[in-house]
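Step one of this worksheet: look at the structure below.
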Amino acid sequence: MSLIYLSSNLLAALLLPPFSLLLLGLFGLWLARRRGRLGRALVGVALAGLMLLATPVVSGFLLRTLMPLPPVLHGSEAEAVVILAGGRVFAAPEYGGDTLKAITLERLRYGAWLARRLHKPILLAGGDPEGRGGSEARLMQAALQQEYGLTAAWLEETSTTTLENARNSVAMLRASGIRRIYLVTHAWHLARSVPEFERLGMVVVPAGTGYHQGGIDPFSFVPSASGLQDSYFACHEWLGVVWYRWRHRFGD
């Protein structure tokens, strides 16, 4: 497992809900013995934060702040389809080995559909950040061939972050004369991923999947595990957007 991957994910776990709010609540319980009013207030803030973030109407709003409008694509906008990996499931017993997470499969399915409809070559981007052997791009290639009857023209297998996805993929694409791409990932990931490719001179057409349409019904106001997960994705992406902007401004 790479040090960058480990440190960034540990830091994110500490800063993001639900763990950060659980820590705040536990600190409030400890503090309540000494400063009762302040401790109880912190516990209340933690519980209220968890409830709000788990409410679909709130989590849906947070996701939509990251999403561009869905584009209408005709095939003349770009020359290749780039699909970003989103993780794997290790040692899945029903498959007899590693397989792709649902997030990666959603991206792969849309990317395959788009590439077939627009007649464009595919680049699959995803390394082995956990150091378990074999890249996510290789798993995506197998699924692409077996389930969609397509073969990627390029495999980017060494990246561990979105930033490295962009750097490594752009180098491969430039070597093949590609300057314009359709970037396939989840719509809420585009705000972080598109600028990384554009910084390196690529013309990027955002091709997001998993759009949150924002329909409201009575269950939209009932806290749920799926609502909390959506809020986690939104908070994770906003944290990533801020971190990348800070890094590019003061670092590389």
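Between W246 and F250, the ring planes are tilted. Angles from 30° to 60° get that label.
Between the side chains of S135 and E157, at least one donor-acceptor pair of N or O atoms lies under 3.5 Å. Using modelled atom types and a 3.5 Å distance limit, the side chains of Y244 and E196 yield no donor-acceptor pair. Side-chain contact annotation: S231 with Q229, donor-acceptor N/O pair under 3.5 Å absent. For S169 and W154, the side-chain atoms include no donor-acceptor pair closer than 3.5 Å. N168 and T158 share a side-chain donor-acceptor pair at under 3.5 Å.
Counting heavy atoms of neighbouring residues, nucleotides and ligands inside a 6.0 Å radius, atom CG of L69 does not exceed 12 of them. No more than 12 heavy atoms of other residues, nucleotides or ligands shown are found within 6.0 angstrom of CZ on R245. Atom CZ of R35 has 12 or fewer neighbouring heavy atoms from other residues, nucleotides or ligands inside a 6.0 Å radius.
With respect to D128 and R138, no salt bridge is recorded, no charged nitrogen being found less than 4.0 Å from a carboxylate O. The pair R180-E77 fails the salt-bridge criterion, with no side-chain N (NZ, NE, NH1 or NH2) lying under 4.0 Å from an Asp/Glu carboxylate O.
Both tests hold for R132 against F90: distance to the six-membered ring centre under 6.0 Å, angle to the ring axis within 45°.
In this structure, the side chain of E136 does not engage the main chain of A85 through any donor-acceptor pair within 3.5 Å. Under the 3.5 Å distance criterion, the side-chain polar atoms of T185 are left unmatched by any main-chain donor or acceptor of L190.
Atom CZ of residue F233 and atom CG of residue L228 lie 10.5 Å apart, to the nearest 0.5 angstrom. To the nearest 0.5 Å, atom NZ of residue K101 and atom CG of residue L105 are 12.0 Å apart. Rounded to the nearest 0.5 Å, atoms NE2 (H189) and CD1 (I103) are 10.0 Å apart.
For residues 112-147, the ring pair (Phe, Tyr, Trp, His ring centres under 6.0 Å) pairs, not counting sequence neighbours, are Y110-W113.
Remark: Y211 engages no residue in a ring-ring contact (aromatic ring centres under 6.0 Å, His included) (not counting sequence neighbours).
Between L14 and S20, the shortest heavy-atom distance links the atoms O-CB, 3.3 Å.
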